[in-house]
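Just below is one structure, and these are the notes that go with it.
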Amino acid sequence: MSQEKRFSDEFLNAFVDNQIAAEEKSRAYVEIHQDEELNRQVCELRKLHDLVQLAYREPPAPPVHTITGSNSGRARLRFGVAASFLMTLGIILGSQIRVPEPAITPQAILAPSTVTPHTSQVATAASSRQSSLRTNPNKTKVVAKTAPKQLAVAPTANPQEVTPVATAVAPTELAPVAAQSEISGNAQTKVLIHLARDDNTQLSHALDDIEGLLKHYREANLNARVEVVVNGGGLALVRTDTSAFAERIQRLQQEYDNLTFAACQNTIDRLRHDKGIIVRLLPGVVTIDSGMAEIMRRQNQGWTYVQV
Amino acid sequence: MRKIITMTVLAMLAVLSAGCATMFGDDKQKVVYHINYDDEKQLSAALRNVNNHIKAVGADKLDIKVVMHGKGVTLLKIANTNLDMQQKVIGLKKNGVAFQVCNNTLVGKKIDYKNDLYDVSKADIVPSGVAEVAALQKKGYAYIKP
């Protein structure tokens, strides 16, 4: 375990948090790439880092000051009355304002007077696309590369929330996504499909399911986005050298622009280290840092999760 | 003075709880079980999971839907001939579990739901199993893949 001497836990943590000097970092990169055990350690730390970021999406509440002094009882009581009044008011207002789910109709989105739902649309797209999607050079899809790391510190977990930065980026960066939302109304239905097993019969059924789902949404005139996350054995589906369904995937992507295939970078890295396989992905397949992190991120953004 | 304040607080609380009750409706736990495999043991185990879920929480506090598509439809095919499986399905239905079948699968596999499947009526058929699983989650159903 010589690497443990070379790199302390503190160093690795700092490395994952991106808080070390450039030359140190490049040295660490070389070492990590050469050492499988170390690589795995860094990978674990990264995963943990992701999870922590997810868990602390909302900033922690400021410490509550305790009221001291002779009139603390009355102050507390007054505070209680005010708080319960506000809560009641909030709940009554909330129940009044509550509207049925398809609140934003496609017409409303296209109407110039209601720009807000549309921008929130794009913001959603921006925040969801932002999750470190990198495109395969073969096909350039929309990438919000310049979108700042906004998501982790967004005030609420609600993806419909308009973040000012995302709005600012939207018009130029995300035009194609905006166009896409206009074609099919509002993005209300977002489904993540998770494939983790390398079994061609099963994958074939999964593609049937995905196609059926997309067809269903199209026929129902529902604007939906479907993201297929492949990791582990499931990666075989989108590898040029192993996929038994390359043509079908190509056709599905052409037919449905609301469909994305996303491959787990951790799996790709693992294949390179364990088996020396240099993974090439089918055209249009994007990569995500970690399949598991993506699944959790998406669910936090209001996507539904289905394992087929 | 203190009495008035106490009364006010109590009144607020009453309104608040009333508000909560109307907002959240019934407090049933909503769950969707997703089945798309045809291994008999696995299917039996899945139904056992559902049954244990009901035993733990209580049928009156649960709203469970079992959505089957692809190979998962085999569950009701087996129940057509295998009495053990049939009893399980009957028991769960008695406890208010809804079994839903994907129409895409019925069409794709040319399954006649009246003859090939156990106790399926038109109301049990959904256009797309996967879409139904997604839609139910949107409506607040928790997703379980047993």
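Basis for what follows: all heavy atoms, side chains included, without hydrogens, waters or symmetry-related copies. Chain naming here is simple, since letters A, B, ... match the order of the sequence lines and numbering starts at 1 in each. Since we're looking at a predicted model, the values are computed, not measured.
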Go through the atoms of A:Val191 and report whether side chain, backbone, both or neither lie under 4.5 Å from a heavy atom of chain B.
-> side chain
For atom NZ of B:Lys61, is the number of surrounding heavy atoms from other residues, nucleotides or ligands below 6.0 Å larger than 12?
-> no
So does A:Lys215 have more than 12 non-hydrogen atoms from other groups sitting under 6.0 Å from NZ?
-> no
Could you verify whether a donor N or O on one side chain and an acceptor N or O on the other, from A:Asp209 and B:His69, lie under 3.5 Å apart?
-> yes
Might you point out which heavy atoms bring B:His34 and A:Gln307 nearest each other, and give the distance in Å?
-> CE1-O, 3.1 Å
The interface call for A:Tyr217 against chain B, heavy-atom contacts under 4.5 Å, is side chain
To the nearest 0.5 Å, atom CD of B:Gln137 lies from atom CD of A:Gln299 at 7.0 Å
Heavy-atom count around A:Arg251 CZ within 6.0 Å, excluding the residue itself: above 12?
-> yes
Gap separating the CG atom of B:Asn36 from the CD atom of A:Gln202, nearest 0.5 angstrom = 7.0 Å
Distance-minimising heavy-atom pair for A:Gly302 and B:Lys138 = O-NZ, 3.9 Å
